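Right, one structure below, let's go through it.
What you see below is based on every heavy atom in this structure, not just the backbone, and it leaves out hydrogens, waters and symmetry mates. Computed from a predicted model, the values in this text were never measured in an experiment. The chains referred to below are lettered A, B, ... by the order of the sequence lines, with proteins before strands, and numbering in each begins at 1.
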There are 2 protein chains.
Amino acid sequence: MNNITIKDIARKFKCSPSTVSRALNDHSNINVDTRETIQEYAQKMGYQKNSISLSLLNKSTKTIGVLVPSINHSHEAQMIQGIQSVFDSLGYMLIFCVTNELHSLEQEHIKRLLSNRVDAILVSISQETANLRDFSHFDMVNKRKTPLVFIDRDIVENYGSSVVIDDYKGAYLATKHLIEKGSRRIAHLAGPEGLLVSKLRLEGYLDCLKNHEISPNTDWIKHVEFNIESAIEPTKSWFESELRPDAIFGVNDYVCYGAVNVLMEMNIRIPEEVSIVGFDNCPISPYFFPKLTTIDRKSFEIGRLAAQQSLEMLSKDDFVPEKSILSPYLIIRDSTQLS
Amino acid sequence: MNNITIKDIARKFKCSPSTVSRALNDHSNINVDTRETIQEYAQKMGYQKNSISLSLLNKSTKTIGVLVPSINHSHEAQMIQGIQSVFDSLGYMLIFCVTNELHSLEQEHIKRLLSNRVDAILVSISQETANLRDFSHFDMVNKRKTPLVFIDRDIVENYGSSVVIDDYKGAYLATKHLIEKGSRRIAHLAGPEGLLVSKLRLEGYLDCLKNHEISPNTDWIKHVEFNIESAIEPTKSWFESELRPDAIFGVNDYVCYGAVNVLMEMNIRIPEEVSIVGFDNCPISPYFFPKLTTIDRKSFEIGRLAAQQSLEMLSKDDFVPEKSILSPYLIIRDSTQLS
DNA sequence: ATTTTTAGTGCAAACGTTTGAATTCGTTTT
DNA sequence: AAAACGAATTCAAACGTTTGCACTAAAAAT
């Protein structure tokens, strides 16, 4: 790297680095000629200020750490866009880490982010972390007083602020819609065990059944991963048995895609024989066949709010963690209603 | 931020910072007791080395800049995973920027990345940059001798290495497959004008037609964006006119999803009346209805190779830019063949 | 008893930049 | 002519860490 520095420029003009610094930053007490000569030369030589040295000096790196379990889901992509929308214009850069749902990687990345002195950390915790309930790495973040915002997947303990969707309500809405459409044998492709998200959506589903005096069938609740493939087996087993469900509520749109594939293969009509509701409102869902009824999760909005929350924490040196819970809404499409 | 530093520890034990540094880094000439006491204390106080100061000292930040036009497409997500797979284990962090296909944002982000002294930059250029053909921001990168790798979207000029899929070949394969399946009136939902990707896929399509003595119909070539929505209108107009195409080759899977929606609405059967081939092999395509025949783009592999290429450039102080072109392959599914 | 070795530690410079305080020098005021 | 001012610049310290070299003191070799 042959980087030209302020010192180089100072040497060239036989002046002190401070003069150069002031010239480049349009400071007040600087001779106009000096300023212009230096700025011109800096421009010509492609001088770029070294933000690293500034970070050291100012104790602020203008970088934000973002930690997510994966980036395969459009919901995550949208969340990241929401985050970017806030930070981009303020000159912050995003350092981006994927944990692959692993606790060890999450720990390691938190460590690195702290070591790199990011100004704040936004994190969607990994499945493993949720299961193990080991949050020691967040202790370190707190010790550093680095603003910490949990996005999308909340944790019960109080390690920082959080911005999440109201999963319980979303699940309730979805289930209620199915009941209103006449379904009584409603199966649930539930999320991975351990995650609060899964638990809340399951509870919303169960409570809604109960409130409508439908007794849940434990056979019709299967925990799966957040992907298409893992929905295949459970769905098959449901529809190969005697008593078939007449509706499926999926923990996200992806598992519904998987379920739909099984049903299509078995020539089971949607929504005539089986209604389906997902969760997330993926960009593809309105173009899937059948167009998927789903719960909109406001992914972009979650990212945006989380970013703003972290900025607020950053501006106050004595912040109180805050929980934001967004209300989801139902989008009705062909998988529950003939158009 | 109340960060404990090496100096703080030194003060505590009435020794010099150098001793602390050596203790923490398991240096050779250090008293065992001293080392252990210091390490213990550092651990207890949650000491985290300040990577910023190290970056300044070593002129290496252990960060990599990644610049992409968007993150909505699964192909981009997979590419990023490929990049991560290489850098994660080496302790590099990814600084992540999205340009929204805008030239100005691309410039701005490149500037910031340079200012932050990233060790290398991987970039998928924005549409606007491709159209304007203004690559001055990459001049700055070259001036700094920062390794630069173009991923996924190549540019003709020689500003750095590149890792791309053989778009021409992919398009040729797709078109050939359609012809072999009996189609003669093959329409093409082409990519945005200006992008090399679009141009190459269009050429592959045209050349394949020519080689099979099919004269192309310019009405059946429409430039669209890389999303579902923009495919709707063109497809509609094709199938509302007298002479309908009997096949569609889409510039990516998304536009095919859009085309499929139009055809379904018009009750046109796939593949009996119209065959469809996409490009990208999105994770959803095997579960779409109809399961989409497509060209696999090796997104993960592209990211992985690009990362490795940048590392290689990093290790040599006098690297020669290198172009890698990966061969895509056809995946046949229901949208061109009855199962 | 003297010299040499060695283990352990400290010193100081370096990385690039900013900034309050000090300094220079020319000009204006008394 | 002396004092005061003001514009332009320089000085020096600071941010946190590493590292070659110098230094001390004790142990080992002569």
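In this structure, A/Asn25 reaches the C/dT18 phosphate: one of its side-chain N or O atoms is under 4.0 Å from OP1 or OP2. Contact check, B/Ser16 against C/dG10: a side-chain N or O comes under 4.0 Å of OP1 or OP2. Between C/dC15 and A/Lys7, a contact under 4.0 Å exists linking OP1 or OP2 to a side-chain N or O. Distances shown here put every side-chain N or O of B/Asn50 at or beyond 4.0 Å from the OP1 or OP2 atom of D/dT17. Using a 4.0 Å cut-off, some side-chain N or O of A/Thr34 falls inside it from OP1 or OP2 of D/dT9. The side chain of B/Lys14 contributes no N or O atom lying less than 4.0 Å from OP1 or OP2 of C/dT9. Taking 4.0 angstrom as the limit, A/Ser21 places a side-chain polar atom (N or O) nearer than this to OP1 or OP2 of C/dT18. Within the 4.0 Å cut-off from OP1 or OP2 of C/dG16, at least one side-chain nitrogen or oxygen of B/Lys59 is found. One finds no side-chain N or O of A/Ser18 lying less than 4.0 angstrom from the OP1 or OP2 phosphate oxygen of D/dT9.
For A/Ser55 against D/dC15, a side-chain-to-base donor-acceptor contact under 3.5 Å is absent. Side-chain atoms of A/Arg117 stay outside donor-acceptor range of the base of D/dG16, with no qualifying N/O pair under 3.5 Å. At a cut-off of 3.5 angstrom, the base of C/dG20 holds at least one donor-acceptor pair with the side chain of A/Arg22.
Remark: side-chain polar atoms of A/Asp134 are paired, donor with acceptor, to backbone N or O of A/Ser136 under 3.5 angstrom. No donor-acceptor distance shorter than 3.5 angstrom exists from the side chain of A/Glu322 to the backbone of A/Ser161, with no hydrogens or angles considered.
Nucleotide C/dG16 holds its P atom 15 Å from the NZ atom of A/Lys49, rounded to whole Å. Atom C1' of nucleotide C/dG10 and atom CG of B/Asn31 are separated by 15 Å, given to the nearest angstrom. Remark: P of D/dA13 and CG of A/Asn58 are 20 Å apart, rounded to the nearest angstrom. One atom, CG of B/Leu54, and another, P of C/dG16, lie 14 Å apart when rounded to the nearest Å. If you take CZ of A/Arg35 and C1' of D/dT9, they are 15 Å apart, rounded to a whole angstrom.
Between B/Asn29 and B/Ser53, the residue anchored closer to the 5' end of DNA chain C is B/Asn29, taking for each the nucleotide with the nearest heavy atom.
Here the straight-line distance linking atom CG of A/Leu195 with atom OG1 of A/Thr129 works out to 9.5 Å at 0.5 Å rounding.
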